[in-house]
Novice: 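Before we start, here is the structure in question, set down as structure tokens.
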Protein chains: 2
Amino acid sequence: MSLDPRRDTRWWGWGDPAERATLSDAAERMLREHGVIDGARPAAVPELERVELPEARPLPRAVIEAAGPESVFTGAEDRIRHATGQSYLDLLARRSGRLELAPDAVITAPSAEALLPLLESCAANGVAVVPFGGGTSVVGGGAPFRGEFSQVVSLDLVNLRGIEIDPVSMTARLGAGLRGPEAEALLGARGLTLGHFPQSFEYATVGGFAATRSAGQSSSGYGRFDSLVSAIRLVTPTGTLETPETPHTAIGPSLRELVVGSEGIFGVIPDVDVRVRPAPAAQRREAWMVESFEAGNAIVRELAQAGRLPTVIRVSDEVETEVSLASSAPTGLAGAAFRRYLKSRRREGGALMILSYEGTAEEARRQRGDAVRALKAGGGAYLGQSGGRGWARGRFHGPYLRELLMDRGILVETFETAAQWRDHERLYRAVRKAVDGAMSGEGMDGVVMCHLSHAYPDGASLYFTVISSPGRDGGAAAWPRVKAAALEAIQASGGTISHHHATGRDHAPWVEGELGELGVEALRAVKERLDPAGGMNPGKLLA
Amino acid sequence: MSLDPRRDTRWWGWGDPAERATLSDAAERMLREHGVIDGARPAAVPELERVELPEARPLPRAVIEAAGPESVFTGAEDRIRHATGQSYLDLLARRSGRLELAPDAVITAPSAEALLPLLESCAANGVAVVPFGGGTSVVGGGAPFRGEFSQVVSLDLVNLRGIEIDPVSMTARLGAGLRGPEAEALLGARGLTLGHFPQSFEYATVGGFAATRSAGQSSSGYGRFDSLVSAIRLVTPTGTLETPETPHTAIGPSLRELVVGSEGIFGVIPDVDVRVRPAPAAQRREAWMVESFEAGNAIVRELAQAGRLPTVIRVSDEVETEVSLASSAPTGLAGAAFRRYLKSRRREGGALMILSYEGTAEEARRQRGDAVRALKAGGGAYLGQSGGRGWARGRFHGPYLRELLMDRGILVETFETAAQWRDHERLYRAVRKAVDGAMSGEGMDGVVMCHLSHAYPDGASLYFTVISSPGRDGGAAAWPRVKAAALEAIQASGGTISHHHATGRDHAPWVEGELGELGVEALRAVKERLDPAGGMNPGKLLA
């Protein structure tokens, strides 16, 4: 038997197999100029049937019985599809045709109620459990480590896709296995939206949003996922934890905030209660150009501190702006208005800003009024709506572009941070310097670009993208060293090692540097109490 | 030696000894009509020198040395002043002239750095530590239980009153010992505000705000205290925990939310980083009258779900409205406009609403525009600004009125909850019924009134006030039974047992009902790891 509902994506990479990206001539030229293309060798994708993966260890009979034999999948394709997430290194491993890790079996739970006996049985029988939602982690959050356990299963939550709406309190209980578009469709049928659109939106799931403290492209307007959660449940091997269904409680530390972000190491999130809103009646997107990244960031800071952020606001640094302009097709910036602007401006460089105003017609107008005032005062030039619309059309398209570039042997990866405004400029410079230095040491030629998004009154997130040749020893060897240099620069400059990608396996070595020894101890104490056998998602977060 | 800086209040009750409340004739009449006054016997306040309190056990020499002998206070007045909080039962105990609990000593820490060696020494020498800020808990949060320890000290944070402002990130590091007005004065000198105004504002401290998840009267506008905290530190007997200084991180569960609300059971909060704002340039307060509590609540829900709450919005139920009108002096409702309104309205009853619009002139205008639209659509009648101004003038005055009523032997107490909108009406009725029934069983005559405040998109808080004769066996015996009936009704109706008063000693028996067995276990695991000797604030929260 196979696990059909999750076979609608490329097994070796991202998304719909029918969807393909293209590269504009200008982008091709630019990558060539930066030496990206010359240093890369096109890589073929192996056949699924030829992929080598570790031999599956049979599950204990008791676990199979607890799961129900019809919910246990051991075929190669299901194991391969649950073997990695979607980081560059994950995809490189898939494309190599040899996976060093794979779950011994994939198990689906028929219902939330079925989770507890299953987790109890796994704990009693020495089986590690890796919760699996959309499989879109870019930090190894679902890597099927066996740890010290005899077997490891990937627990796919695909069947937990229910929804219950409370139209009075404007909340919805969403099953953990709902993908972004599924949740939006169910809410949309009632005129509602969750408003959570991370780049992984099309395949990531509600459970994953909660487990990783996800943030979306519209989070300035709708709030990060953690701020949308009104109550949450967690099934652990020792029982079920349910946080109070109340808008707020002063009874002790927040258990909700202990479950959100727990990345599967305490247990499994079966469903989440979230605040929902009316679907926006109005939506206006537009692009602006400002003199510099710094000037754009100042505008965002001003709006954030005045409590007047639009639904989306982002500023690309000068490099990302250049790349966006080169690959104008997806962002739609090749319009006449923009060409006029380019012609008229007196100086090189500049930073591209994308804004979206959403809500009722009046709200959208208000947002725009506030933003335009700040943009004009900050020297911004209006580029029209086509740039904004193009960004919106292409905003879930990035992973397809990465597929295309990886087909050509090009390294593409992202990492992100957040910091207080006071630390921003210093951090930005330190990270650029560290990454440039590390890449140069690895013989990697390419571009490092950045944008600011997810603004708060006290700071904002910075999101870096690297596109380069894979370096002297190949990307699998070089990238971890470059990433380490970036994380060290981030940590030394007062940034967090992740604003929304979470920890997983990849960031785990930096956790103590961020949370401190006692912070780690506090979380470890909870882990040991809720999961005494230690089998929940081994090797992640506190590894 | 005595601890002078904290001797500016009534030792037996609330606030400035020079400040006194008065009762209007109308209020007097109303209380008499409700049988409150006849059942109560005026109670004299004993002399401080005559108060009996348990004999102090001498502290171990090592603890005195760790604290520094100049920081250890064992005089009767200091022990009395640190013996209770400000609940009705606390004040009754003080007025009785016999305290069953008192700390063996009061210790002040000269600096944040001095806390760790002190806590280490207390843990090593079997001394329990009760952190003490403003002493304004109304749930026994600072009750000096010895537990299984040989001594108990009250650790007064009065000396931790520093401030550091980051004007770029718009945050401030505030010492835990700063009282509300001290913090506002320091911020105000820089044109800033924290915007946190609980009724206890004048004496409560920053550390207490954080430890109890405080909410203030302007929290609809400025946010609850927990949402203002950007980073926090916690000194435990096993070391110091510092949460990352970043606007957001996706690295695991939120340690910040584990420290906020921890009520001293893990350790001591020496200082807190909070988001601050420009002091409001405009501030307009006004009163409105709507047909019923329900109609007012519907207006609040509409504004909350549209994301258009003013800085302050509250609705009194019909009973509280009647009492407010009777005691018009503090709320200023006796103005001509109001008399005209009373004259013109056709029906009895109605619910009073207080609103405040604050921020820049434009923000205040916007808030008012949004609110007035909803108020008018909901059948509201404008009562003018004097009612709103009167409320603002009198808003920290409630505790003085309680002093006056307690002088006359009257029972005055409050409790509060929060619930999802869907549960509101059912909960409100259930609580009224339970409290009325319990009071009647105790032979208590009086009024139970309620207001809605602290609104969220998914729900709001309900705040109940009881003013009554103390009942057949006296308030000390009767009140705990009435409160228990209220809490059981709240819990059975889906409410939290506290929206912002916190847990302390008084709510501890209901914690498992709210957080569940596993939730309690998770917090207990953290407690045991950070405070293995168990001496931090024994008997609170998880008792």
Side-chain angles (χ1 to χ4, degrees), chain A residues 166 168-171 212-213 224 230 236 238-242 244-255 257-258 261-263 275 305 418-422 456-460 494-503 507 511 514-516 518-519 521-523 525-526 528-530 541, chain B residues 166 168-171 212-213 224 230 236 238-242 244-255 257-258 261-263 275 305 418-422 456-460 494-503 507 511 514-516 518-519 521-523 525-526 528-530 541:
Chain A
D166 170 358
V168 177
S169 313
M170 287 291 272
T171 59
T212 63
R213 293 189 176 273
R224 284 188 321 268
S230 69
T236 80
T238 51
T240 298
L241 191 159
E242 306 186 37
E245 286 177 53
T246 172
H248 179 66
T249 170
I251 300 303
S254 172
L255 290 178
E257 294 287 343
L258 195 63
S262 57
E263 301 192 21
R275 298 190 186 90
Q305 293 183 340
Q420 301 295 87
W421 290 114
R422 67 165 185 259
Y456 308 92
D458 49 341
T496 169
I497 50 175
S498 176
H499 171 269
H500 60 268
H501 282 173
T503 321
H507 289 156
V511 166
E514 174 140 342
L515 304 185
L518 213 59
E521 275 307 306
L523 298 181
V526 175
E528 288 169 9
R529 191 69 56 107
L530 302 185
L541 191 48
Chain B
D166 170 0
V168 177
S169 313
M170 286 291 273
T171 59
T212 62
R213 294 190 174 275
R224 285 189 319 270
S230 68
T236 81
T238 51
T240 298
L241 190 159
E242 305 186 41
E245 286 176 54
T246 172
H248 178 66
T249 169
I251 300 303
S254 172
L255 291 177
E257 293 287 341
L258 194 64
S262 57
E263 300 191 22
R275 297 190 185 91
Q305 293 184 340
Q420 301 295 90
W421 289 115
R422 67 164 185 260
Y456 308 92
D458 49 341
T496 170
I497 50 175
S498 176
H499 171 269
H500 60 268
H501 282 173
T503 321
H507 289 156
V511 167
E514 174 141 343
L515 304 185
L518 212 59
E521 275 307 307
L523 297 182
V526 175
E528 288 169 9
R529 191 68 57 107
L530 300 186
L541 190 50

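Note that these values count all heavy atoms, side chains included, but never hydrogens, waters or copies made by symmetry. Per chain, numbering begins at 1; letters A, B, ... match sequence-line order.
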Novice: Please look at B:Thr236 and chain A and tell me whether the side chain, the backbone, both or neither of the residue comes under 4.5 angstrom of a heavy atom of that chain.
Specialist: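 Interface part for B:Thr236: side chain.
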Novice: Among B:Gly239, B:Ser230, B:Gly459, which residue has the highest count of heavy-atom pairs closer than 4.5 Å to chain A?
Specialist: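 When all of B:Gly239, B:Ser230, B:Gly459 are compared, B:Gly459 has the most.
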Novice: Tell me, side chain or backbone of B:Leu255 under 4.5 Å from chain A's heavy atoms, or both, or neither?
Specialist: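 For B:Leu255, the side chain is the part near chain A, not the backbone.
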Novice: Hey, does B:Leu518 have a side-chain heavy atom less than 4.5 Å from the side chain of A:Thr240?
Specialist: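 A side-chain contact is absent here, since even the closest heavy-atom pair is not under 4.5 Å.
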Novice: Give, for atom CD of B:Glu521 and atom CZ of A:Arg529, the distance between the pair rounded to the nearest 0.5 Å.
Specialist: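 Interatomic distance, B:Glu521 CD to A:Arg529 CZ, rounded to 0.5 Å: 5.0 Å.
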Novice: Given a strict heavy-atom distance threshold of 4.5 Å, which part of A:Ile251 is in contact with chain B: side chain, backbone, both, or neither?
Specialist: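 Both the backbone and the side chain of A:Ile251 come within 4.5 Å of chain B.
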Novice: Would you say the side-chain atoms of A:Gln305 pair up with the backbone N or O of B:Val168, donor to acceptor, closer than 3.5 Å?
Specialist: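 Checked: pair present.
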Novice: Does any heavy atom of chain A fall under 4.5 Å from the side chain of B:Leu258, the backbone, both, or neither of them?
Specialist: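 B:Leu258 touches chain A through backbone and side-chain heavy atoms alike.
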Novice: Parallel, tilted or perpendicular, judged at 30° and 60°: which one describes the rings of A:His248 and B:Tyr456?
Specialist: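 Ring orientation of A:His248 relative to B:Tyr456: tilted.
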Novice: Assess the side chains of B:Thr249 and A:Thr496: does a donor N or O sit below 3.5 Å from an acceptor N or O?
Specialist: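 Note: B:Thr249 and A:Thr496 side chains meet the donor-acceptor criterion.
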Novice: Got a sec, which residues hit side-chain hydrogen bond (donor to acceptor under 3.5 Å, both in side chains) with A:Glu242, two or more places apart in sequence or on another chain?
Specialist: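 A:Glu242 satisfies side-chain hydrogen bond (donor to acceptor under 3.5 Å, both in side chains) with no other residue.
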Novice: Below 4.5 Å from any heavy atom of chain A, which atoms of B:Leu523 appear? Answer side chain, backbone, both or neither.
Specialist: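 For B:Leu523, the contact with chain A is made by the side chain alone.
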Novice: With a 4.5 angstrom heavy-atom cut-off, is it the side chain or the backbone of B:Ala419 that approaches chain A, or both, or neither?
Specialist: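 Backbone only.
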